[in-house]
Amino acid sequence: MPFDDAKGLQIALEEAKKGYEEGGVPIGGVLISEDGTILGRGHNMRFQKDSAILHGEMATLENAGRLKGSVYKNCTMYTTLSPCNMCSGACIMYGIKRVVLGENENFQGAEELLKSVGVEVVNLDNQECKDLMKKFIEERPKDWYEDIGE
């Protein structure tokens, strides 16, 4: 039986809240196998680690450690925000078959790119994800726009 998407998103949201509490960008992720095993979870660490690449999904993959390529192909990446080009590219590179996002109102990433290579993209349109991201953007617009190049 596939893992429940609402539960997966809740884990990603826990990570996003942790990131926010640490003074970072509140984007969280979790990589879950078809059988419900959590392989990795993480949150955006740009500010905490002065990193250009540790977005929520990238931190999740980093925390999953080295996995055989075949493992990723039966996983879902849960993320609180529509994944950017870099994070979408990482999902494509590893063959992750599903990406479930919390929202895409505050930012719409490379969803069409994911779909174009056969990745199933599901938007749960979660209000809590929207509210947390909106709050961060309003509080720290300079920090938000620094990363997305505006």
Side-chain angles (χ1 to χ4, degrees), residues 3-33 37-67 71-72 75-150:
F3 194 77
D4 181 89
D5 285 344
K7 288 180 185 176
L9 184 62
Q10 278 306 119
I11 296 167
L13 189 54
E14 288 171 17
E15 287 292 330
K17 290 176 183 176
K18 187 185 301 183
Y20 182 79
E21 291 165 8
E22 293 172 356
V25 182
I27 302 170
V30 61
L31 184 68
I32 300 180
S33 68
T37 302
I38 295 173
L39 300 173
R41 56 189 291 171
H43 53 275
N44 187 299
M45 297 291 287
R46 285 183 42 236
F47 290 97
Q48 299 92 315
K49 293 200 174 189
D50 197 28
S51 171
I53 62 168
L54 283 178
H55 288 193
E57 301 88 343
M58 301 297 280
T60 297
L61 290 168
E62 178 72 13
N63 291 336
R66 289 178 54 205
L67 302 171
V71 172
Y72 297 102
C75 290
T76 298
M77 173 67 78
Y78 293 89
T79 178
T80 56
L81 186 65
S82 180
C84 72
N85 291 339
M86 176 178 65
C87 296
S88 294
C91 289
I92 291 167
M93 180 178 150
Y94 289 108
I96 294 169
K97 68 176 184 172
R98 291 182 79 234
V99 175
V100 175
L101 49 124
E103 64 108 345
N104 67 359
E105 284 184 20
N106 286 295
F107 175 79
Q108 183 157 2
E111 294 170 41
E112 292 306 315
L113 174 62
L114 289 165
K115 291 175 187 176
S116 76
V117 296
V119 176
E120 179 186 357
V121 177
V122 178
N123 181 359
L124 295 182
D125 197 32
N126 179 279
Q127 192 61 48
E128 195 172 0
C129 290
K130 291 179 200 178
D131 292 345
L132 181 60
M133 195 69 236
K134 184 174 190 271
K135 179 180 177 185
F136 175 81
I137 293 169
E138 288 173 353
E139 290 173 349
R140 295 171 57 189
K142 184 178 178 216
D143 291 336
W144 169 246
Y145 291 111
E146 164 193 294
D147 189 45
I148 61 170
E150 291 185 13

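Quick caveat, the model's predicted, so the values are computed rather than measured. We count residues from 1, following the sequence as given. Computed over heavy atoms, backbone and side chain alike; hydrogens, waters and symmetry mates excluded.
- Annotation: side chain of Asp143 is in contact with side chain of Phe47 (closest heavy-atom distance under 4.5 Å).
- Annotation: the span from Asn106 atom CG to Glu138 atom CD amounts to 8.5 Å, rounded to 0.5 Å.
- Contact record, Tyr78 with Ala12: O-CB, 3.9 Å, taken as the closest heavy-atom pair.
- Distance alone, capped at 3.5 Å, places no donor-acceptor pair between the Arg98 side chain and the Val122 backbone.
- Other residues, nucleotides and ligands place more than 12 heavy atoms under 6.0 Å from the CE atom of Met86.
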**Asked** Please walk me through it: do Val100 and Met77 pass side-chain contact (heavy atoms from CB on, under 4.5 Å)?
**Response** CA-CA 6 Å; Val100 175; Met77 173 67 78; over 6 Å; no

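- At a threshold of 4.5 Å between non-hydrogen side-chain atoms, the residues Leu101 and Pro83 count as touching.
- Note: Ile38 CD1 to Ile11 CD1 = 3.5 Å, rounded to the nearest 0.5 Å.
- Between Ala64 and Leu31, the shortest heavy-atom distance links the atoms CB-CD2, 4.3 Å.
- What you find for His55 and Cys84 is that their closest heavy atoms are ND1-SG, 3.4 Å.
- The distance from atom CG of Asn123 to atom CD of Glu103, rounded to the nearest 0.5 Å, is 7.5 Å.
- Ionic pairing of Glu22 and Lys49 is not present here: no N-O contact between side-chain nitrogen and carboxylate oxygen is shorter than 4.0 angstrom.
- Taking every heavy atom of both residues into account, Ala6 and Asp4 meet most closely at N-OD2, 3.1 Å.
- Considering only heavy atoms from C-beta on, Gln48 comes within 4.5 Å of His43 through its side chain.
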**Trace of the side-chain contact (heavy atoms from CB on, under 4.5 Å) decision for Cys129 with Leu13** = CA-CA 7 Å; Cys129 290; Leu13 189 54; 3.9 Å; yes

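- In this structure, the separation between CD1 on Ile96 and CD1 on Ile32 is 12.0 Å, given to the nearest 0.5 Å.
- With a 4.5 Å cut-off on side-chain heavy atoms, Tyr72 and Leu61 count as touching.
- No donor-acceptor pair under 3.5 Å is formed between the side chain of Ser88 and the backbone N or O of Asn85.
- Side chain of Gln108 to backbone of Glu111: no donor-acceptor contact under 3.5 angstrom is found.
- Atom OH of residue Tyr20 and atom CZ of residue Phe136 lie 8.5 Å apart, to the nearest 0.5 angstrom.
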**Message:** Determine whether Lys18 and Glu21 satisfy the following criterion, salt bridge (Lys or Arg N to Asp or Glu O under 4.0 Å), listing intermediate values before the conclusion.
**Reply:** CA-CA 5 Å; Lys18 187 185 301 183; Glu21 291 165 8; over 6 Å; no

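- Here the closest non-hydrogen pair linking Thr60 and Gly40 is CG2-O, 3.4 Å.
- The main-chain N or O of Pro26 is never found under 3.5 Å from a side-chain atom of Asn44 such that the two would form a donor-acceptor pair.
- In this structure, Thr80 and Leu132 have side chains that are not in contact, with every pair of non-hydrogen atoms separated by 4.5 Å or more.
- Asn63 contributes a side-chain N or O that, together with a main-chain N or O of Arg41, makes up a donor-acceptor pair within less than 3.5 Å.
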**Prompt:** Between Glu128 and Lys17, is a salt bridge (Lys or Arg N to Asp or Glu O under 4.0 Å) present by the stated rule, with each step listed?
**Reply:** CA-CA 10 Å; Glu128 195 172 0; Lys17 290 176 183 176; 2.6 Å; yes

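- Contact check for Met45 versus Glu62: no side-chain heavy atoms found under the 4.5 Å cut-off.
- By the 4.5 Å heavy-atom criterion applied to side chains, Cys91 and Val119 are not counted as neighbours.
- Under the 4.5 Å side-chain criterion, counting only non-hydrogen atoms from C-beta, Thr79 is not in contact with Cys87.
- Here CD of Glu14 is found 10.5 Å from CG of Leu9. Values are rounded to the nearest 0.5 Å.
- Here the shortest heavy-atom pairing between Gly23 and Arg140 reads O-NH1, 2.7 Å.
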